[in-house]
Amino acid sequence: MFINTTPHFGVIASALPKHSSQLVSSWAQISLATSVEIRLDGMVDKDRNLFVHGQLPSLFSAKPMILTFRPKEQGGAGFITPEYQWRFWNSLPDSVRLVIRDLRSPVFVDWAVDLVSYVCAKGYYKEMPFPWQKIGISNHRLEETPRDLQQEINILLSFPASAFVKFVCKANIEADVERIKDIYPAYRGDPPLIAFPMGPLGTRERFECVRRGSWGTYGFVPSLQPTANGQVPFRELLEDSEVREALKLRGHVLN
């Protein structure tokens, strides 16, 4: 039986810094969100390694955090092979790795479906740096909305990553937005689902998706750059009356 221990993310400030110093200098602003996503793929190798071995542990708190290292085909900042992603996650220092491993900690990782598929195909189950309960699986369809959305969700559910399932895709027509809305009534509820349309047509759904059942919605940090097409500043989400009501119903305490 699946037992959900993933905290509700709510409004996620998605931070994609080109240099770790941008992240640190913006942290007071970022920490106003109910959760934080740190996009590690935007940094060059040397800076990223210095950051995860130095400053990252000091940013851990009771606030939920998602760490991502996403390839370009999944909306990331660079061409990163699954093998390279795998080696990166296994190279984390104990000050980071042990926090992620702890089932009681609010720090999670988001692995793109290509990495999860690679790990399963290679049979690396005994070498896993973290338990599957701390790994979310995501698929970003950057150009279109697939015809069979339920099949796309089922593919993600077939893998062992169980912190959350994230599926987002670009809406090219209004009918795409409506089809993505229809995911939620049919979803069985575990693992937690994050789903919404990208692009200008999907912007309103970033405000609506939490009310529909999404475990989180993403907004960009104004001092940094948007991390996806159709994003709005996270403060706009956090200050929206309907979003705030949906967050309160999910147990969030808001200022």
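Positions are given from 1 along the sequence.
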Which pairs with one or both residues in residues 211-233 pass salt bridge (Lys or Arg N to Asp or Glu O under 4.0 Å), sequence neighbours excluded? Glu205-Arg212, Glu208-Arg211

Distance col, row Arg244:CZ vs Leu249:CG, nearest 0.5 angstrom, shows 12.5 Å

Any donor-acceptor pair under 3.5 Å from His19 side chain to Ser21 backbone: yes

If only atom types and distance count, is the side chain of Ser158 paired as donor or acceptor with the main-chain N or O of Ile155 below 3.5 Å? yes

Distance-only criterion, 3.5 Å: show the donor-acceptor pairs between side-chain atoms of residues 49-57 and protein atoms not counting sequence neighbours.
{"unit_1": "Asn49", "atom_1": "ND2", "unit_2": "Asp45", "atom_2": "O", "d": "3.2"}
{"unit_1": "His53", "atom_1": "ND1", "unit_2": "Asn49", "atom_2": "O", "d": "2.9"}

Verify whether the ring centers belonging to Tyr118 and Trp86 lie closer than 6.0 Å. no

For Ser25 and Gln22, indicate whether the former's side chain and the latter's backbone hold a donor-acceptor pair under 3.5 Å. yes

Residue pair Gly75 / Leu142: nearest heavy atoms and the distance that separates them: N-CD1, 3.6 Å

Test log, rule side-chain contact (heavy atoms from CB on, under 4.5 Å), inputs Val210 and Leu237: CA-CA 10 Å; Val210 174; Leu237 295 167; over 6 Å; no

Of all residues at least two apart in sequence or in a different chain, which pass the side-chain hydrogen bond (donor to acceptor under 3.5 Å, both in side chains) check with Asp110? Arg70, Ser138

I'd like to know whether Trp111 forms a side-chain contact (heavy atoms from CB on, under 4.5 Å) with Phe159, so could you lay out the CA-CA distance, the side-chain angles of the two residues, the decisive distance to 0.1 Å, and finally the verdict. CA-CA 11 Å; Trp111 283 8; Phe159 290 105; over 6 Å; no

Is it the case that atom CZ in Arg87 sees more than 12 heavy atoms from other parts of the structure closer than 6.0 Å? yes

Hey, could you give me the OG/CZ distance between Ser241 and Phe207, rounded to the nearest 0.5 Å? 10.5 Å

Please check if the side chain of Thr145 supplies one atom and the backbone of Cys169 the other of a donor-acceptor pair under 3.5 Å. no

Might you point out which heavy atoms bring Gly136 and Ala161 nearest each other, and give the distance in Å? C-CB, 4.4 Å

Between Glu242 and Arg204, does at least one N-O distance fall below 4.0 Å, as a salt bridge requires? yes

Around atom CD of Glu143, are there more than 12 heavy atoms from other residues, nucleotides or ligands closer than 6.0 Å? no

Between Val113 and Gln74, is there a side-chain heavy-atom distance shorter than 4.5 Å? yes

Using side-chain heavy atoms (C-beta onward) and a distance below 4.5 Å, is Leu92 in contact with Pro129? no

Do Trp215 and Lys166 have side chains that approach each other closer than 4.5 Å (heavy atoms only, starting at C-beta)? no

Are the ring centres of Phe164 and Phe108 closer than 6.0 Å? no

Thr217 and Arg206 have their tightest heavy-atom pair at OG1-O, 2.7 Å

Which pair of heavy atoms, one from Gln29 and one from Phe234, lies closest together, and at what distance? O-CZ, 3.2 Å

Under the side-chain contact (heavy atoms from CB on, under 4.5 Å) criterion, do Val221 and Thr227 qualify, and how do the steps go? CA-CA 9 Å; Val221 180; Thr227 64; over 6 Å; no

Which distance, rounded to the nearest 0.5 Å, do you find between the CE of Met198 and the CD of Glu144? 11.0 Å

Is a donor on one side and an acceptor on the other found under 3.5 Å between the side chain of Asp47 and the backbone of Ser20? yes

Side-chain heavy-atom pair Phe220, Leu16 within 4.5 angstrom cut-off: no

Under a 4.5 Å cut-off applied to non-hydrogen side-chain atoms, are Thr34 and Leu254 in contact? yes

Do the side chains of Leu103 and Lys134 get nearer than 4.5 Å, heavy atoms only? yes

Leu115 side, atom CG; Thr81 side, atom OG1 - distance, nearest 0.5 Å: 9.5 Å

Tell me whether the guanidinium CZ or amine NZ of Arg48 lies under 6.0 angstrom from the six-membered ring centre of Phe88 and within 45° of its axis. yes

Is there a side-chain contact between Leu238 and Leu247, using heavy atoms and a 4.5 Å cut-off? yes

Closest contact, heavy atoms only, Val177 versus Ala171: CG2-CB, 3.7 Å

Approximate separation, where rounding is to 0.5 Å, of Asp148 CG and Asn154 CG: 8.0 Å

Apply side-chain contact (heavy atoms from CB on, under 4.5 Å) to the pair Leu98 and Asp102, showing each step before the final yes or no. CA-CA 6 Å; Leu98 294 178; Asp102 186 349; over 6 Å; no

Heavy-atom closest pair, residues Pro17 and Arg39: CD-O, 3.8 Å

For the side chain of Ser162 and the backbone of Pro191, is there at least one donor-acceptor N/O pair under 3.5 Å apart? no

Tell me whether Trp89 contacts the main-chain N or O of Arg97 through its side chain, where contact means a donor paired with an acceptor under 3.5 Å. no

Salt bridge flag under 4.0 Å for residues Glu245 and Lys248: no

Verdict with supporting geometry, Gln133 and Thr5, side chain to side chain donor-acceptor pair (under 3.5 Å): CA-CA 8 Å; Gln133 297 98 311; Thr5 58; over 6 Å; no

Kindly say whether Pro71 contributes a backbone atom to a donor-acceptor pair with the side chain of Gln85 at under 3.5 angstrom? no

Is any side-chain heavy atom of Ile66 closer than 4.5 Å to one of Ser35? no

Please report the C-alpha distance between Arg179 and Asp182 in whole Å, then the side-chain angles of each, then the deciding distance to 0.1 Å, and finally whether the salt bridge (Lys or Arg N to Asp or Glu O under 4.0 Å) criterion is met. CA-CA 5 Å; Arg179 290 195 295 121; Asp182 290 341; over 6 Å; no

Side chain to side chain contact (heavy atoms under 4.5 Å, CB included) partner of Ile30, chosen from Ile38, Val36, Leu59: Val36

Donor-acceptor pair, Lys63 side chain versus Ala33 backbone, under 3.5 Å? yes

